[in-house]
Undergrad: 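Supplied in structure tokens, the structure appears directly below.
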Amino acid sequence: MTDSNPQTNPNDVPSAADVPAAAEGQQQEQRRGGGRDRGDRRGGRRGDRRNQERDSEWQERVVQIRRVSKTVKGGKKMSFRAIVVVGNERGQVGVGVGKAGDVIGAVRKGVADGKKHLVKVPLTRHNSIPTLSNGRDGAASVLIRPAAPGTGVIAGGSIRTVLELAGIKNVLAKRLGSKTPLNNARAAMVALESLRTHKETAKERGISLEQIYS
């Protein structure tokens, strides 16, 4: 009887040398692509961690939230205004204002506005300011004076918030004009922005540092 199943010839089976090189190249690219995907995922995670670390450096404090209205054609449009102070307690601080239909949106806009208007404050080794400074915004006037170590932050209202987030720990401040929180905060920002170290002052005047102390 003859066998109905055909017998395979070992010579008919393709060897490894007969496999086209294109298939091997595709397999290698797939392997490399998988490695790239893993690298992209790792890079994305690292980027997210860095962004979180940068965001964690900044502190945000809401000074005031008020409900405001705008008169339009159909009547009055109600919204919220938030005054936010942003700082890293290392010599950088900013004051921002945000308006939105809800409180969360207003605070978010205030934080973004505060980071756009940052001011760098020169700090001494005792976490104080180098010289006396006076700032004015509108009807508000603020006087800021350096203090000895252990004095603390002697200030009130929005001025205290600005000084604390700037990293100043020994200072005397006095409000001399209006009591409006926004004007006082901006006046404090003007006073801090006008501060100069003794070295910068000597360089601007073209004299030595010893002549300033004498």
Side-chain angles (χ1 to χ4, degrees), residues 47-48 50-123 127-129 131-147 152-169 171-196:
D48 295 339
R50 291 176 182 175
N51 293 332
Q52 290 178 0
E53 290 177 357
R54 292 176 182 175
D55 295 338
S56 63
E57 293 179 357
W58 299 96
Q59 294 187 9
E60 308 157 2
R61 292 189 189 177
V62 179
V63 175
Q64 186 186 55
I65 296 178
R66 294 188 64 180
R67 189 176 181 184
V68 296
S69 63
K70 180 181 179 181
T71 303
V72 294
K73 184 177 180 180
K76 291 184 178 181
K77 183 179 179 181
M78 307 301 294
S79 60
F80 294 92
R81 186 193 70 172
I83 304 173
V84 186
V85 181
V86 183
N88 59 355
E89 296 185 352
R90 297 179 183 176
Q92 286 186 328
V93 65
V95 176
V97 180
K99 292 182 181 180
D102 56 338
V103 177
I104 298 176
V107 172
R108 188 182 298 111
K109 289 183 180 180
V111 171
D113 186 47
K115 290 183 179 180
K116 291 179 183 178
H117 302 87
L118 292 175
V119 171
K120 192 171 184 180
V121 183
L123 300 177
N127 294 325
S128 184
I129 57 177
T131 58
L132 183 144
S133 181
N134 191 1
R136 188 177 182 85
D137 183 87
S141 181
V142 175
L143 176 66
I144 303 177
R145 179 175 295 178
V153 180
I154 299 179
S158 58
I159 304 173
R160 182 183 185 89
T161 305
V162 172
L163 296 176
E164 288 180 349
L165 291 185
I168 303 173
K169 297 181 180 179
V171 68
L172 300 170
K174 179 63 178 176
R175 181 181 60 193
L176 302 175
S178 173
K179 298 180 180 180
T180 308
L182 181 57
N183 287 348
N184 282 316
R186 287 179 174 174
M189 293 290 293
V190 172
L192 295 177
E193 188 177 6
S194 62
L195 288 173
R196 295 290 183 274

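Please read these numbers as outputs of a predicted model, since none were measured by experiment.
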Undergrad: Quick one: salt bridge (charged side-chain N to carboxylate O under 4.0 Å, His left out) partners of Arg145, sequence neighbours excluded?
TA: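 Partners of Arg145 under the salt bridge (charged side-chain N to carboxylate O under 4.0 Å, His left out) test: none.
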Undergrad: For residues 116-123, which side-chain N or O atoms pair as donor and acceptor with protein atoms under 3.5 Å away, sequence neighbours left out?
TA:
unit_1: His117; atom_1: ND1; unit_2: Asp113; atom_2: O; d: 2.8
unit_1: His117; atom_1: ND1; unit_2: Asp113; atom_2: OD1; d: 3.3

Undergrad: Which atoms form the tightest heavy-atom contact between Ser158 and Val63, and what is the distance?
TA: CB-CG1, 3.7 Å
Undergrad: Looking at CG of Leu172 and CG of Leu132, how far apart are the two atoms once the value is rounded to the nearest 0.5 Å?
TA: 10.0 Å
Undergrad: Do you know the tightest heavy-atom contact between Val142 and Asn134?
TA: O-OD1, 2.6 Å
Undergrad: Just jot down the side-chain hydrogen bond (donor to acceptor under 3.5 Å, both in side chains) partners of Gln64, sequence neighbours excluded, or say none.
TA: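 Checked Gln64 against side-chain hydrogen bond (donor to acceptor under 3.5 Å, both in side chains); matches are Arg81.
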Undergrad: Could you note down all residue pairs passing salt bridge (Lys or Arg N to Asp or Glu O under 4.0 Å) where residues 156-168 supplies at least one of them, sequence neighbours left out?
TA: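 Only Arg61-Glu164, Arg160-Glu164 qualify under salt bridge (Lys or Arg N to Asp or Glu O under 4.0 Å).
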Undergrad: What is the minimum heavy-atom distance between Thr131 and Arg196, and which atoms define it?
TA: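 Smallest heavy-atom distance, with atoms named: OG1-O, 4.2 Å.
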Undergrad: With a 4.5 Å cut-off on side-chain heavy atoms, are Ile144 and Leu195 touching?
TA: no
Undergrad: Would you list the atom pairs, donor with acceptor, under 3.5 Å between side chains in residues 91-107 and any protein atom, with sequence neighbours excluded?
TA:
unit_1: Gln92; atom_1: OE1; unit_2: Asn88; atom_2: ND2; d: 3.4
unit_1: Asp102; atom_1: OD1; unit_2: Gly105; atom_2: N; d: 3.4

Undergrad: Show the atom names and distances, to 0.1 Å, of all donor-acceptor pairs under 3.5 Å that link a side chain in residues 182-194 to residues at least two apart or in another chain.
TA:
unit_1: Asn184; atom_1: ND2; unit_2: Ser178; atom_2: O; d: 3.1
unit_1: Asn184; atom_1: ND2; unit_2: Thr180; atom_2: O; d: 3.0
unit_1: Ser194; atom_1: OG; unit_2: Ser133; atom_2: OG; d: 3.1
unit_1: Ser194; atom_1: OG; unit_2: Val190; atom_2: O; d: 3.3
unit_1: Ser194; atom_1: OG; unit_2: Ala191; atom_2: O; d: 2.9

